[in-house]
Amino acid sequence: MTGRAPLRPVLYDEGADRVRLLDQRLLPGREEWLALATSGEVAEAIRTLAVRGAPAIGVAAAYALAADARRGADAATLARSAEHLARARPTAVNLAWAVKRISARFGEGAAAVLREAHAIRDEDEAACRRMGALGAALLPPRARVLTHCNAGALATAGYGTALGVIRAAIEAGNPVTVLADETRPFFQGARLTAWELHRDGIPVTLLTDGMAGWLMQRREIDAVVVGADRIARNGDVANKIGTYGLAVLAAHHGIPFYVAAPWSTVDLATPDGAAIPIEERGGDEVTMVAGIRIAPEGVPARYPAFDVTPAALVGAIVTERGVSRPPHPEALAALAR
């Protein structure tokens with residue numbers, strides 16, 4: 001790994017009262033930062049995936065409300081902004097969690113709201129480093145680790161969840177290597193995971209989404225590590241579409257399948273995966289790539305942005321509180337105490 005400064009995709013500029021976001025729609029071609037003044041602008045950035053990843057959008061929403069508060073928005077206006085932000089992406093529970101936590105500070109003044117937003121950011125990065133250390137212990141020496149989507153520094157306040165496990169393993173002296181699914185249709189693996197790992201000098205090889213099964217059959221994958229957008233009380237995991245298929249393939253080939261996510265992603269109010277709302281995005285995100293149509297005009301496309309992996313397929317859920325192993329309902333309940 002290089003000695004470069006840690007990657008933190010969400011910042012707050014107190015001098016200008018702006019939320020600064022690394023625009024992930026432009027990576028890897030251009031590294032540009034947005035400077036957003038209002039919660040409405042941040043909500044649009046979340047909806048259009050300028051910032052994405054469950055923990056990162058929670059941090060962005062917290063800072064958006066802090067910016068509104070520091071500009072003098074009253075309690076009623078802040079409440080409306082909070083509701084609008086929470087609806088920007090429905091599957092990631094961290095977004096609603098962060099908005100609820102910030103909303104509890106509205107009556108204490110703008111300074112208290114900003115302090116809470118800073119706390120959410122700092123706690124997330126600390127949680128990522130803690131779960132990275134716990135998850136690294138699960139990986140065998142020189143493991144070839146498959147990951148899906150982007151669950152790295154770009155998806156969090158810094159360091160990453162699934163990629164935090166990778167980073168922690170390397171920092172501990174285990175020279176693991178990464179296989180990254182391209183993750184259609186937004187290409188989070190090809191554009192984002194490959195970019196941030198290459199940036200940090202971590203060996204990564206890019207795969208198309210259909211290659212994993214063949215490589216598992218050839219024993220070229222030792223473990224699968226992914227992030228999560230919501231984890232139900234029974235241990236069912238909602239993550240980027242395509243994760244469920246990887247879990248099934250891993251189970252068939254006897255390969256461990258691990259999930260790394262902060263405790264704020266565990267939603268004890270949701271009993272199981274069937275109760276998790278799944279975001280459906282526009283079909284044009286499937287039929288168009290970088291503004292170029294790749295399917296015939298008039299052919300519709302489906303884009304459920306997430307799928308749900310049953311708890312029975314998850315070998316371990318790594319959180320900063322500890323590691324949940326099957327049976328997950330009992331293990332998660334114990335971590336919640």
Side-chain angles (χ1 to χ4, degrees), residues 21 23-30 32 34 43-54 56-57 84 87-93 95 146-152 154-155 162 179-196 204-217 221 224 226-230 236-252 257 273-310 313:
L21 304 175
D23 192 340
Q24 298 184 32
R25 298 167 298 190
L26 304 179
L27 292 172
R30 302 203 309 275
E32 294 184 10
L34 303 173
E44 181 65 8
I46 292 171
R47 189 188 66 78
T48 59
L49 306 180
V51 59
R52 29 73 46 210
I57 63 176
H84 181 60
R87 291 198 305 264
R89 298 201 72 189
T91 302
V93 72
L95 178 57
L146 175 69
T147 192
H148 189 68
C149 193
N150 172 263
L154 287 168
L179 301 167
D181 276 345
E182 62 179 352
T183 318
R184 278 222 66 206
F186 193 59
F187 295 100
Q188 293 97 322
R191 296 189 308 104
L192 305 179
T193 293
W195 178 80
E196 71 166 89
V204 56
T205 299
L206 186 63
L207 308 177
T208 69
D209 288 356
M211 292 180 180
W214 172 241
L215 294 181
M216 288 180 182
Q217 188 183 73
I221 295 172
V224 181
V226 299
D229 285 80
R230 188 181 302 221
D236 290 349
V237 174
N239 193 50
K240 183 55 56 184
I241 189 74
T243 303
Y244 172 45
L246 290 179
V248 172
L249 285 168
H252 177 76
F257 180 92
I276 297 175
I278 299 298
E279 176 185 4
E280 286 263 358
R281 297 184 64 84
D284 59 339
E285 295 187 33
V286 175
T287 60
M288 306 280 289
V289 174
I292 299 172
R293 175 168 288 280
I294 62 169
E297 287 276 6
V299 175
R302 285 282 307 277
Y303 183 14
F306 304 91
D307 57 26
V308 176
T309 298
L313 298 177

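Only a predicted model underlies this, so the values are computations on that prediction, with no experimental measurement involved.
- Between Ile278 atom CD1 and Ile241 atom CD1 the span is 8.0 Å, to the nearest 0.5 Å.
- To the nearest 0.5 Å, atom CG of residue Leu154 and atom CD of residue Gln24 are 4.5 Å apart.
- Among all heavy-atom pairs drawn from Cys149 and Thr193, the shortest one is O-OG1, 2.8 Å.
- Among all heavy-atom pairs drawn from Val308 and Gly273, the shortest one is CG1-CA, 3.7 Å.
- Leu215 contributes atom CG, which lies 10.5 Å from atom CG of Leu249 (distance to the nearest 0.5 angstrom).
- At a threshold of 4.5 Å between non-hydrogen side-chain atoms, the residues Arg25 and Leu34 count as touching.
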Before giving the answer on side chain to side chain donor-acceptor pair (under 3.5 Å), spell out for Arg52 and Asn150 the whole-Å C-alpha distance, their side-chain angles and the decisive distance to 0.1 Å.
CA-CA 9 Å; Arg52 29 73 46 210; Asn150 172 263; 2.9 Å; yes

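- A pairwise comparison of heavy atoms in Pro90 and Pro277 identifies O-CG, 3.7 Å as the closest pair.
- Between the side chain of Thr287 and the backbone N or O of Ala295, no donor-acceptor pair lies under 3.5 Å.
- Atom OG1 in Thr147 sits 13.0 Å away from atom NZ in Lys240 (nearest 0.5 Å).
- To the nearest 0.5 Å, atom CZ of residue Arg281 and atom CZ of residue Arg302 are 14.5 Å apart.
- Side-chain contact check for Val224 versus Met216: some heavy-atom pair is nearer than 4.5 Å.
- Summarising the local packing, CZ of Phe187 is surrounded by more than 12 heavy atoms from other residues, nucleotides or ligands at distances under 6.0 Å.
- Atom-to-atom distance recorded for Glu32:CD and Leu27:CG is 9.5 Å, nearest 0.5 angstrom.
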Does the side chain to side chain contact (heavy atoms under 4.5 Å, CB included) test come out yes or no for Thr243 and Phe257, once each step is laid out?
CA-CA 10 Å; Thr243 303; Phe257 180 92; 3.7 Å; yes

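- Closest approach of Thr183 and Gln188 over heavy atoms only: O-OE1, 3.3 Å.
- A donor-acceptor pair under 3.5 Å links the side-chain atoms of Asp307 to the main chain of Tyr244, judged by distance alone.
- In terms of modelled atom types and a separation under 3.5 Å, the side chain of Arg191 and the main chain of Phe186 share a donor-acceptor contact.
- Between Asp181 and the choices Thr208, Val226, Leu146, the side chain to side chain contact (heavy atoms under 4.5 Å, CB included) rule is met once, by Leu146.
- The minimum heavy-atom distance between Ala228 and Val237, with the atom names listed, is CB-CG1, 3.7 Å.
- Minimum heavy-atom separation, Leu21 to Val51: CD1-CG1, 3.9 Å.
- The salt bridge (Lys or Arg N to Asp or Glu O under 4.0 Å) search around Arg184 returns none, not counting sequence neighbours.
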